[in-house]
Amino acid sequence: MAFQMTLVDINIRLTGRPGGKDLLVPGLVSDYGVVMPLLHYFEYIYDDFAPGTLKPIRHAFKLFFQFTEATAPDGFGSRKLHGRTHAEHFLSFRRAMVLGTINEESLEDSSGLRWPPGRISKANRVVFYLTEFFTWADGKGANDAQRFNPVVQPSGYQDLMARAAFEHRRSRAFLGHTWHGSGEHVVEGRYTGRVREPGKVKGSTKRFPDAHFLELLALGFRTRSLSNLRDVLVTILMNKGGLRVSEPLHIWLTDIAYDPKTEMAYVAIPHPSNGTAPGLWGSKYKTRAQCLEAEFRRRPRSKLGSGNPEYAGWKSGVGLIQVLWCEPIWGKYFWRLWQVYLRRVQELVPAASRQHPYAFMVFAGKTLGRPLTTAAFRDAHEKAVFRANLVPREGVPDLKNLGLTEHGHRHAYGNRARNEAELSPHLVQDMMNHSSIESQKSYTLKTWSEKMDFLSSKITRMHERDDLLQEFLQAFE
């Protein structure tokens, strides 16, 4: 049986809502029209999920839609028209995502889907997204949507493991001491649960080489234009301040001040939506979201759709990011450059012509004065890497594997704080704005060559009888 259902991804603007604001959400159109339950669900969860998460949820819904139409076009259920219940059907769906739908021996596929084997991690995410949707649908009056993945009584082993996992998470969470004990933690099992994934080999993350940082600044951003100065400031915030690439894009011009005690730049970034509005705005508006709406007719950048070029994520779980200079001298260098930047911005883009409060903006072309985008900075950073001759111009070098992407700076910051300055894990957790102390491990693992250098310098016992070792080796030659 060949699969014939047509499914088209679209974006839908919801207007005339009770709150008055329009929403742009992902949608799905089938042969029967717009899939309305999914649309209503996105409207319900819109404020609780990052815009970029809605598309993976749509994709999960689309996969299940396709699988159901391909394998049970006439329905199934209590009479088991196709030999399985709703729960068995959903379990078959998860199995098809992992194992594929193509017969390995005959290479035939009766469903017509032609799905290759997939990752367990993706199947687990899809099952989670759909189960959350089923639960919401039942709360809105659906006819037992959870029958696809009903709650089941967990086994004693599952209950024990779930409670142990809960205690592990609580012990490492920033406010874990406020959580209820595991004895009060309700363990809920599902007919189609999470599949345990194979363990991953833990390796060091790729960090920007410290030896090349000054080359990047001096040779990569060498035109000394205002655009280059902007990119230098953002790069310093990531490499010496530990920020993620999206976080400097939330900085307002008023978020950077001079600290006379340390003679450094004090950089504090409030939450893009709930953070306090600065200065005189603070007396009129409680939050930055309110200020942006009233003064600039803008939404916080973290609330823009992921398709909007000005979207910038906010991953940190804290309400205020304070930049802690791992190398304090760079807090002073940053302030010197920041004063030059402010003066030149005022000359090129006066305050009266700006339609936003953000510090980093575009200084050329049709988008002059608009907020700097993540894509534009990444492009500028990549060009700077090549301009500084940090990689050969021939071929297609893997910048990520070399640690030369913009995120490599944050990894360099974490490694410097933990392994070179030997700061405590809890202090590094605070410096990097991690909600869990475990998060920093991937940033501070040593590379293979660093491990070998350490072993070579520390272990000498094997070389005490080098003459005997050489005699032993020569015996086999």
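The structure presented is a predicted model; accordingly, all values stated were derived computationally and were not measured.
Here Met36 contributes atom CE and Ile12 contributes atom CD1; the two are 7.5 Å apart, rounded to the nearest 0.5 Å. Taking CZ of Phe213 as the reference point, atom OG1 of Thr235 lies at 6.5 Å (rounded to 0.5 Å). For the atom pair OG1 (Thr405) and CG (Leu399), the distance works out to 7.5 Å, reported to the nearest 0.5 Å.
Side chains of Ser121 and Asn124: no donor on one and acceptor on the other come within 3.5 Å. One side chain, Ser225 or Thr223, offers a donor N or O that lies under 3.5 Å from an acceptor on the other. Using modelled atom types, one finds a donor on one side chain and an acceptor on the other under 3.5 Å when comparing Gln146 with Arg190.
By the ring pair (Phe, Tyr, Trp, His ring centres under 6.0 Å) test, His59 is found to be paired with no residue, residues two or more places apart in sequence or in another chain being considered.
Of the residues Tyr358, Trp281, Tyr285, the one that meets the ring-ring contact (aromatic ring centres under 6.0 Å, His included) test with Phe296 is Trp281. Looking at Arg298, Arg301, Arg299 one by one, the single match for side chain to side chain donor-acceptor pair (under 3.5 Å) with Glu310 turns out to be Arg298.
Aromatic rings of Phe360 and Phe377 (six-membered ring for Trp) have centroids beyond the 6.0 Å cut-off, not under it. Ring pair Phe334/Trp325: centre-to-centre distance below 6.0 Å.
Using a distance-only test at 3.5 Å, with no hydrogens or angles considered, a donor-acceptor pair links the side chain of Thr101 to the main chain of Trp115.
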